[in-house]
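Counting starts at 1 for both ligands and their atoms, following the listed order. What's counted below: heavy atoms across the whole structure, side chains too, no hydrogens, waters or symmetry copies.
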Amino acid sequence: MIYVKWENKIASNALWSGEISNLRNKEHVAEQVSQFVKNGDTIGIGSGSTSYLALRKIASRVAEEQLDILAIPTSKEAEMNCSYLGLTTTSLVAARPDWGFDGADEVDDQRRLIKGRGGALFAEKLVMASSPKTYILVDESKHVTKLGEKFSVPLEIDPRAVHIVETALGDFPCEEVHLRMAAAKDGPVLTEAGNFLLDAKFHHIGNDLEKELSAIPGVVESGLFIGYSVEILTV
Ligand SMILES: O=C[C@H](O)[C@H](O)[C@H](O)COP(=O)(O)O
C-alpha cells in the first residue's frame, strides 16, 4: 500500500486539489526549489500537493548528493511524507528553519495569502513565522486580483467557541460561514490539535483582518497570511 496520498494521485494521473493537470510545470518549480537546498540546512516543509512535489525533488537531491538536512514538517501528513522519502525531521521545539516552502490556496499581488484547504494552517503559520524566508509554490489558478474571491478564509477554533466566533463574525464584512464537515467520517473535521475549522467568506480582506480575527476569543489561528517574508514561485 502506498500511504502517501499524493503518490497515489501521481500514480493514477489524478491530479490534486487545484485540479490543475500541468504536472510538468509544477515539477519545474519543484526542481527550482530543490536547487535552493544546501548541506546543513533546516527546512520548513509545507503541506499539500504542490509542496509534496518539491519535497520529492529535495529528497532525491539529498539522497544523490548525500546532503545532511533537517526537515520541520507543517502537518502530520508532511511528517509522514518526510519519513516515506527518508528525510530526518525535527520540530520547532528543537530548531528553527533556515528557510521553508509551502503551497497556497490564493495569492494576491501584495503577496497576501489564503491557506488551509488541507487544515494545516496553524502549524504552517508557526513554521512560516519562524522562518526568515518561505517560497510559496502556486500555479496561475491561485493568483487572484481580490483576495478571497475564490476561497473562504479558514479559521481554526476551539470547539467550545463555535457560537462565540459565529456571533463575532457578524461584526465583520463576512458573507457566510460554514463549519467544515469531514468527508470520510461523520461530523466536523478535527484538526491535528483537536479543533474545528470554520470557513468564512469575506466581502473585503483588509490588512488588519488577520489580527482582528485572532483577537476573537476561541480563534486559534486563521488561514490569512499577511506580511510574511514570502517569495512567490509560479509554475
Ligand atoms: O492546509 C493546506 C495548505 O495550506 C496547502 O498548502 C494549500 O491548501 C495548498 O495546497 P495544494 O498545493 O495542494 O493546492
Short N/O distance, under 3.5 Å, between Leu121 and ligand 1?
no
Judged by atom type as modelled, is there a donor-acceptor pair below 3.5 Å linking the side chain of Ser75 to the main-chain atoms of Ala78?
yes
Is there a nitrogen or oxygen of Ser51 sitting under 3.5 Å from a nitrogen or oxygen of ligand 1?
no
Quick one: do Lys115 and Asp102 make a salt bridge, cutoff under 4.0 Å?
yes
When you measure from the side chain of Lys142 to the backbone of Ala104, do you find a donor-acceptor pair of N or O atoms at a distance under 3.5 Å?
yes
Proximity to ligand 1 by part of Asp102, non-hydrogen separation under 4.0 Å:
side chain
If you measure from each non-hydrogen atom of Ala104 to ligand 1, which part falls under 4.0 Å: side chain, backbone, both or neither?
backbone
From the candidates Ala123, Ser47, Gly48, the one that places a heavy atom nearest atom 6 (O) of ligand 1
Ser47
Given that the side chain starts at C-beta and the backbone is N, CA, C, O, which of these parts of Ser49 lies under 4.0 Å from ligand 1, counting heavy atoms, or is it both or neither?
both
Can you tell me if Glu210 and Ser222 form a side-chain donor-acceptor pair at under 3.5 Å?
no
Are any of the N/O atoms in Gly118 less than 3.5 Å from those in ligand 1?
yes
Does Thr42 use its side chain to pair, donor to acceptor, with the backbone of Leu70 at less than 3.5 Å?
no
Contact check, Gly116 vs ligand 1, heavy-atom distance below 4.0 Å:
yes
Check Lys211 with Asp208, please: is the shortest side-chain N to carboxylate O separation under 4.0 Å?
no
